[in-house]
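A, B, ... follow the sequence lines: proteins, then strands. Residue 1 opens every chain.
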Amino acid sequence: MTTTLLIRDDVTESNSRAGLRCALRGEWTKFWSLRSAGWSVFALALVTYGLCYLSTNALRSQARIDDPIMRVLVGFNFGQFVMGVLGVLFLSSEYSTGQIRSTVAAMPRPGIVLGAKAIVVGGVGLALGEVLSFSTYFLGRFILAGHASQISISQPGILRVLIESGIDLAIVGLIGLGIASIVRSSAASLSIFTSVMLVLTVVLFAMPGVIVHDMSRYLPANISSTIFASTTPSQLQGTPLFSPLIGLLIIALYAVVLLAVGGWMMTRRDT
Amino acid sequence: MIKVRGLTKRFGDVVAVDDLSFDVAPGQVTGFLGPNGSGKSTTMSMIMGLNHPNSGSVTISGKKYKDLRWPMREVGGLLEARAIHPGRSAYAHLWSLAQYGGITKSRVDEVLELVGLTSVAKRRVGKFSLGMGQRLGIAGALLGDPAVILLDEPVNGLDPEGIRWTRSLCRDLAAEGRTVLISSHLMAEMARTADQLVLIGKGRLIAELSVDDFVACSSKQSFKVRAANLDLLIPALEDAGALTLREPNSCLTVMNLSAEAIGELALEQQNALYELTDLSSLEDAFMELTEGAVEYRAS
Ligand SMILES: Nc1ncnc2c1ncn2[C@@H]1O[C@H](COP(=O)(O)OP(=O)(O)OP(=O)(O)O)[C@@H](O)[C@H]1O
Ligand SMILES: [Mg+2]
């Protein structure tokens, strides 16, 4: 057995320190080298286009409705879950497999690891989200052409819906990542994520009381329901809602807080 | 060069590592030996900056792990239980690590070649055998061509050919002047691979000695000694040419000295001997030590 382990010039790059740039490259490779990445993109496209087709097609035989873009983008409600799960698993699977130990050994500042992961999840989510929202819009417009309900980018609010829906997808992915950075376990992170996105909404609406109803407008699900619609209802079942832009800022704040707490905890705890 | 100083790590009530200090010098293979649960993996995790000690410190060439500018190029580690995502190919795993370390793609090919995984590089790690997984871990450790290499139970689950391969790799790495620390709970294996031994039990240092000393003594008689004042007795025994291993339960294992000599030295010091038992060889002594440590831990 001969081993050639001499230090080679091309092994090192002229760079002062392993930092975010290196971490970003590593995480980018990691993201796309798992089969789950391809499957998730496929699932996202399937759910957004498929549901768009089903729900928009039904509109063709109906009288004109108020907010057809909501029906066109109905798949985004489910696409959010796919993105959130992707965000969770991108980190929690590293804990369940022990991979995180190799990662943190390579980058002993875990905050930078989480930052790189956030940029990858946020970037992929944003790109996918925008591509999906605009392409779904064209699909919906094509299906509705010549029928009572029409959508057009020139109508008020439509462009905003398309742009913000893509941003929403990225933010939900980051919320998933943020939860995983605090909780670590895949099962626990996923159940917390679904509770926050889905179950809590049902629970809060089932409970009587003004305070509870008032709180429900802070829920991501209710915030995204305003983002996916061009004519904003100011109330939902008697609950006041935030405007889409404020809503977007609120969920972005959730993501930032979760990631900041998670990054701090990753630095403090044993890996 | 690794310097471990006063390292202590608790997990709740369990003291996994207890005031541990030792050095790992370059240019030789240092074996880190101790029974199951004695704190080897915990210590190695602390050296790699993964676990945070409750007290004490570790430095690598004078620096803390987290202050290393390019950790992968300075320290390579094979961590316990394959810290690798099974869903990725071997190549993608190494390439992502290489990017973290600012290391070129050609180096990935090189380490794959070195550990003999080139032909299966595109296969998913989940499909790898234990030995292939171990080789991939070693490839990851060598990726940055580091001067310090830590391998936690590298021969665990390997066949004789794999064990031979790992042993000669460690020897070659040390011969190139690197600092090599490998852990094991198998004394015989360590005696064949390492130059220097660090023995621990119950998270505490039992002895640092060279394998030559170990081998020289292992066929000779050794004795288990208990005395009123061990701190006084140990230097005197060592001056007389003995090798001593201190056990966690205030016993002493003494090698390379006759029972008569030990008894007379104690008498000179007015140091009461409570026990002087024949252990026959160091191998037995280590077994005894190991059992002592395990018993002590369980109680
Ligand atoms: N994360 C943890 N949480 C709680 N206890 C732990 C943890 N890691 C290790 N321990 C405990 O610390 C002690 C030392 O464990 P460690 O894994 O370091 O031993 P080891 O010498 O590597 O053993 P082995 O030869 O079995 O690998 C054990 O009692 C173990 O149960
Ligand atoms: Mg271990």
Side-chain angles (χ1 to χ4, degrees), chain A residues 1-37 39 89-90 92-113 116 120 266-271, chain B residues 9 11 45-46 48-52 64-73 75-77 79-89 91-93 95-104 106-107 110-111 113-114 124-126 137 140 142-145 147 164-165 168-169 172-173 176 178:
Chain A
M1 184 95 241
T2 56
T3 53
T4 47
L5 282 168
L6 299 170
I7 295 169
R8 296 160 46 132
D9 287 347
D10 65 341
V11 168
T12 56
E13 288 171 7
S14 53
N15 208 334
S16 64
R17 185 171 193 188
L20 187 62
R21 213 158 58 97
C22 293
L24 209 46
R25 289 195 197 131
E27 291 303 329
W28 182 255
T29 300
K30 275 196 208 165
F31 186 87
W32 293 108
S33 57
L34 285 179
R35 281 183 192 174
S36 56
W39 281 112
L89 292 180
F90 192 37
S92 67
S93 72
E94 290 215 9
Y95 281 100
S96 59
T97 60
Q99 169 72 41
I100 191 72
R101 292 166 65 77
S102 297
T103 305
V104 174
M107 170 51 71
R109 290 169 292 165
I112 291 181
V113 172
V120 170
M266 282 174 77
T267 308
R268 294 248 353 229
R269 291 193 291 201
D270 289 342
T271 305
Chain B
K9 178 70 183 177
F11 295 106
S45 290
M46 288 191 281
M48 302 278 295
L50 296 168
N51 283 5
H52 307 302
K64 288 188 169 157
Y65 191 91
K66 72 168 169 48
D67 296 332
L68 297 175
R69 303 182 79 75
W70 292 101
M72 293 204 57
R73 299 186 202 165
V75 184
L79 301 161
E80 195 174 41
R82 240 202 238 189
I84 303 173
H85 197 301
R88 260 179 216 111
S89 70
Y91 191 88
H93 170 70
W95 177 223
S96 72
L97 280 183
Q99 285 172 310
Y100 258 103
I103 294 161
T104 59
S106 60
R107 177 65 184 167
E110 199 174 84
V111 290
E113 188 73 46
L114 179 72
R124 295 202 298 151
V125 176
L142 299 180
L143 203 51
D145 197 23
R164 254 198 311 279
W165 178 82
S168 76
L169 178 75
D172 289 347
L173 291 168
E176 288 165 5
R178 296 172 212 263

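Between the CG atom of B/D67 and the CZ atom of A/R109 there is a distance of 9.0 Å, given to the nearest 0.5 Å. For the atom pair CZ of A/R101 and CD of B/E80, the computed distance is 7.5 Å after rounding to the nearest 0.5 Å. Between atom CD1 of residue B/I84 and atom CD of residue A/E94 there is a gap of 12.0 Å, rounded to the nearest 0.5 Å.
Ranking B/M72, B/R124, B/H52 against chain A, the residue ahead of the rest is B/H52, based on heavy-atom pairs under 4.5 Å. Ranked by heavy-atom pairs under 4.5 Å with chain A, the first of B/H85, B/K66, B/R164 is B/H85. In terms of heavy-atom pairs under 4.5 angstrom with chain B, the leader among A/V113, A/L24, A/I100 is A/V113.
The heavy-atom pair separating A/S33 from B/A92 by the smallest distance is CB-CB, 3.5 Å. Of all heavy-atom pairs spanning B/L97 and A/A106, the tightest one is CD2-CB, 4.1 Å. Nearest heavy-atom pair, B/R69 versus A/R17, reported as atom, atom and distance to 0.1 Å: O-CG, 3.5 Å. Between B/Y100 and A/C22, the shortest heavy-atom contact is O-CB, 3.5 Å.
With hydrogens and angles disregarded, a donor-acceptor distance shorter than 3.5 Å links the side chain of B/R88 to the backbone of A/K30. Side chain of B/Y65 to main chain of A/A105: a donor-acceptor pair is present (N/O by atom type, distance under 3.5 Å, no hydrogens or angles). A/S102 contributes a side-chain N or O that, together with a main-chain N or O of B/A83, makes up a donor-acceptor pair within less than 3.5 Å.
Contacts of B/K64 with chain A are absent, with no heavy-atom separation under 4.5 Å from either backbone or side chain.
Under the rule for a side-chain hydrogen bond (donor to acceptor under 3.5 Å, both in side chains), A/T97 has no partner lying at least two apart in sequence or in another chain. Under the rule for a side-chain hydrogen bond (donor to acceptor under 3.5 Å, both in side chains), A/T271 has no partner lying at least two apart in sequence or in another chain.
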* Trace of the side chain to side chain contact (heavy atoms under 4.5 Å, CB included) decision for A/Q99 with B/H93 -> CA-CA 9 Å; A/Q99 169 72 41; B/H93 170 70; 3.4 Å; yes
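Environment of CH2 in A/W39: sparse, with no more than 12 heavy atoms of neighbouring residues, nucleotides or ligands closer than 6.0 Å.
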